[in-house]
Amino acid sequence: MTTQTFFAPADIEAIVQSDGSHLLRARAPLGGYPDVLTDHLKTWAGIDPDRLLLAERTSDGSWREVSYGDAWRMAVVLGSQLLSMGLGPDRPLAILSGNSVNHGLLMFAALHVGVPIVPISPAYAVMSQDYGKLKHVFALTKPGAVYVDQHAPFAKALAAVMTPSMTLITAAGEAGVSLQNLMATEPNEQSVVDAHATVTADSIAKILFTSGSTGMPKGVVNTHRMLCANQQSLAQGWPFLEARPPVLVDWLPWNHTFGGNHNFNMVLRNGGTLYIDEGKPTPTLIAKTVANLRDIAPTIYFNVPAGYDALVPVLEQDADFARHFFSRLDVVFYAAASLPPSTWNRLTAVAEKHAGRPIPMSSAWGTTEMAPLATLVHFSLNEPGVIGLPVAGVDIKLAPVNDKLEIRVRGPNVMPSYFCNPQATAAAFDDDGFYCTGDAVVYKDPARPELGLVFNGRIGENFKLTSGVWVNVGTLRPAVVTALSPLVQDLVVAGEGREDLGVLMFPNLAACRAFLGDADNKTDQDVVTDPRIRTAIAEKLTAYNLQNPGSSTAIRRAIFLMVPANIDANEITDKGNLNQRALLVNRVDSVQALFGDSPATIYSKGQGV
């Protein structure tokens, strides 16, 4: 495949309007797409029923595999059972456990017969102390049935939220109804046909919850039109998807729009295969991801920056693994946050060494409210930061807000509403029907819009110092993270109403221990307070400040945060990023220590302590 056919042309229309806003759209019109997402499943089951669709590890280390034909049959069987439980448009199916084959089969069944799915973050149940968010989700959506793979991890949470009108489904039936038994029943095929006939493009497919900055999560209505149009837009930007069905090894959670909509539906739409990765980019779970990638070479690899930070060292150290990983890889894709230049450079270097060919790097931008794709990189990149161009069928408005351009979106991929929240819905759209994201962007080159847009932070994150100088958190934060890499995983910028800037840093404990080389018996606290770590941070910040001496960029204070970000306190957004605003409010004692004379401060006014 040539470069010209691998990616779609970067051909957009950019118009500056009388109010100072910019309107961007792809010149290529959006092609046709089905009304209902499971039409793709039925199509592929007819074309190649034995083709592998989903696979997951079993307890003995083998792969449990489900073909398109099997998945289609189970959509009918389980769809019939969901209907017999009284589920329907007003009684959705809540799925509380993580990614699994069973989760996928129930998803197909519900989508096909018009039962909305409510995929819920397992963290709301297993990491929460008060189940506040879980109670909110259940009270809002009133599910008719709830599925968990295993009952024990969720027992306390389920006791707090379930009512007698809800049916509990578990994989083996240790509590509630057995999914295994349901899959072995004979379906009422006519009931499935009748129910499917009522499903339209505007029917609710999913209700996905997004936390935002404050308050309880909002339910985002995802219609079948949104999901199907989104995948047509993606296929037009990436024609190689239709030339070779994608093979993914993917851990990204299905309760989030990146894993559950973008990746899962991309596989389904293009007749691909999804190997469910039970690993994650953490020190304790990255080994599982590597083991899965040793078995299966993906054609596209999706991850967040932290995932690549964990994977790159393994690729660098194991040539055989690297050659296997890159052997049939079409694209390396990152999202959720900007990839640090240091990680980009290491990743491209190891790809050049072991792939024997260039591996395109790509990214995109979108939110839960747009299912999620709005902009896509479908052209060559030589550095991180660009989030792409509007995909086919999507209008992008860049609206002046204060000193920034807010990116707003209109198209068939955009939600009709927040679920049962008319006030939030009304506030989310401007007078022209564009969804207002609160994200800011700039052109990579204003004279050449076709080179793409660059993320420029959140409109509400920026603040002023006492001098009146604005601080652009969106560009500052990743720059400082890069400067402190690999010792710092992420950080929060503080300084509103103060003379200078400081950062509250979350340590990369694995990297800090590796840096010390003799920290096996040290506690985490001992590691980050080791004088060698303090000195290294001070040296890195001094070098950064020499290159960035201005008051809006120089970092004069730094302190470590040892307590991880708390999902119950909204300190982590639905994208998996740190919530700057919530962390500053919740960690006020740390902010005071940062700007005081606390001995915990490891960098103050340019001097390592």
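The basis for the numbers below is simple: all heavy atoms, side chains too, and nothing from hydrogens, waters or symmetry mates. Everything numeric here is computed off the predicted structure, so don't read it as measured data.
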Check ion pair K42-D39 (N to O, under 4.0 angstrom): no
Sidechain-backbone polar pair: H196 side chain, G114 backbone, donor-acceptor under 3.5 Å: no
With R408, the side-chain hydrogen bond (donor to acceptor under 3.5 Å, both in side chains) member among D439, D430, T437: D430
Pair F264 + W254: ring centers closer than 6.0 Å: yes
H224 side-chain N/O to D202 backbone N/O, donor-acceptor pair under 3.5 Å: no
N303 side, atom CG; D309 side, atom CG - distance, nearest 0.5 Å: 9.5 Å
Derivation of the side chain to side chain contact (heavy atoms under 4.5 Å, CB included) call for V394 and M370: CA-CA 10 Å; V394 170; M370 53 194 76; over 6 Å; no
Separation of E56 CD from L274 CG (nearest 0.5 Å): 10.5 Å
Donor-acceptor pair, side chain of T299 and main chain of D330, under 3.5 angstrom: no
NZ (K280) with more than 12 external heavy atoms under 6.0 Å: no
Pairwise side-chain contact, P217 with Y124, heavy-atom cut-off 4.5 Å (strictly under): yes
W44 side-chain N/O to R269 backbone N/O, donor-acceptor pair under 3.5 Å: yes
Under-4.0 Å salt bridge between K218 and E369: no
M226 side, atom CE; L373 side, atom CG - distance, nearest 0.5 Å: 12.0 Å
Over 12 foreign heavy atoms within 6.0 Å of CD, E65: yes
Check against side-chain hydrogen bond (donor to acceptor under 3.5 Å, both in side chains), Q150 and T170: CA-CA 6 Å; Q150 295 180 316; T170 56; over 6 Å; no
Centroid-centroid distance, H40 to Y33, less than 6.0 Å: no
side-chain hydrogen bond (donor to acceptor under 3.5 Å, both in side chains) partner of N261, the single match among N230, N222, N413, T368: N222
F138 and P143, any side-chain heavy atoms less than 4.5 Å apart: yes
Non-hydrogen side-chain atoms of V391 and T375 separated by less than 4.5 Å: no
Straight-line distance of L376 CG to L234 CG, nearest 0.5 Å: 6.0 Å
R294 to F321 six-membered ring, cation-pi geometry met (6.0 Å, 45°): yes
Side-chain (S67) to main-chain (L52) donor-acceptor, under 3.5 angstrom: no
Check: Y68 and D48 side chains under 4.5 Å, non-hydrogen atoms: no
More than 12 heavy atoms of other groups within 6.0 Å of E174 CD: yes
4.5 Å side-chain heavy-atom contact, F419 and F209: no
Pair F240-F7, side chain to side chain contact (heavy atoms under 4.5 Å, CB included): steps then yes or no: CA-CA 7 Å; F240 65 88; F7 286 139; 3.9 Å; yes
Min side-chain heavy-atom separation D35-C228 under 4.5 Å: no
Verdict with supporting geometry, L37 and N265, side chain to side chain contact (heavy atoms under 4.5 Å, CB included): CA-CA 8 Å; L37 188 65; N265 294 346; 3.4 Å; yes
Heavy-atom check, side chain of F325 versus side chain of I359, under 4.5 Å: no
Salt bridge flag under 4.0 Å for residues E278 and K288: no
Parallel, tilted or perpendicular, as decided by the 30° and 60° cut-offs, for the rings of Y275 and W63: perpendicular
NZ/NE/NH1/NH2 to OD/OE distance under 4.0 Å, D70 and R51: no
T167 and V177: CA distance, side-chain angles, deciding distance, side chain to side chain contact (heavy atoms under 4.5 Å, CB included) verdict: CA-CA 8 Å; T167 300; V177 177; 3.8 Å; yes
Note, N263 side chain near L248 side chain (heavy atom, < 4.5 Å): yes
Spacing of CZ belonging to F154 relative to CE belonging to M162, to within rounding of 0.5 Å: 13.0 Å
Donor-acceptor contact present, side-chain S363 to main-chain I387, <3.5 Å: no
Stepwise salt bridge (charged side-chain N to carboxylate O under 4.0 Å, His left out) test for R25 and D11: CA-CA 9 Å; R25 60 166 64 99; D11 185 16; over 6 Å; no
T38 side chain to L41 backbone, donor-acceptor under 3.5 Å: no
Residue pair G388 / F379: nearest heavy atoms and the distance that separates them: CA-CZ, 4.0 Å
Backbone of T425 reached by a side-chain donor or acceptor of S417 within 3.5 Å: no
Q231 side chain to M266 backbone, donor-acceptor under 3.5 Å: yes
Parallel, tilted or perpendicular: rings of H112 and W72 (30°, 60°): perpendicular
Residue pair T289 / D277, side-chain donor-acceptor N/O under 3.5 Å: yes
CA sep, side-chain torsions, deciding dist, call: S100, N102, side-chain hydrogen bond (donor to acceptor under 3.5 Å, both in side chains): CA-CA 5 Å; S100 68; N102 290 339; 5.2 Å; no
Partner of I120 by side-chain contact (heavy atoms from CB on, under 4.5 Å), out of T141, V146, L134: L134
Close aromatic pair by centroid cut-off 6.0 Å: H262 and F302: yes
Polar side-chain atom of S80 near backbone of V76 as donor-acceptor pair, under 3.5 Å: no
K397/D432 ion pair, N-O < 4.0 Å: yes
Least distance between heavy atoms, G31 atom then Q232 atom: O-CG, 3.6 Å
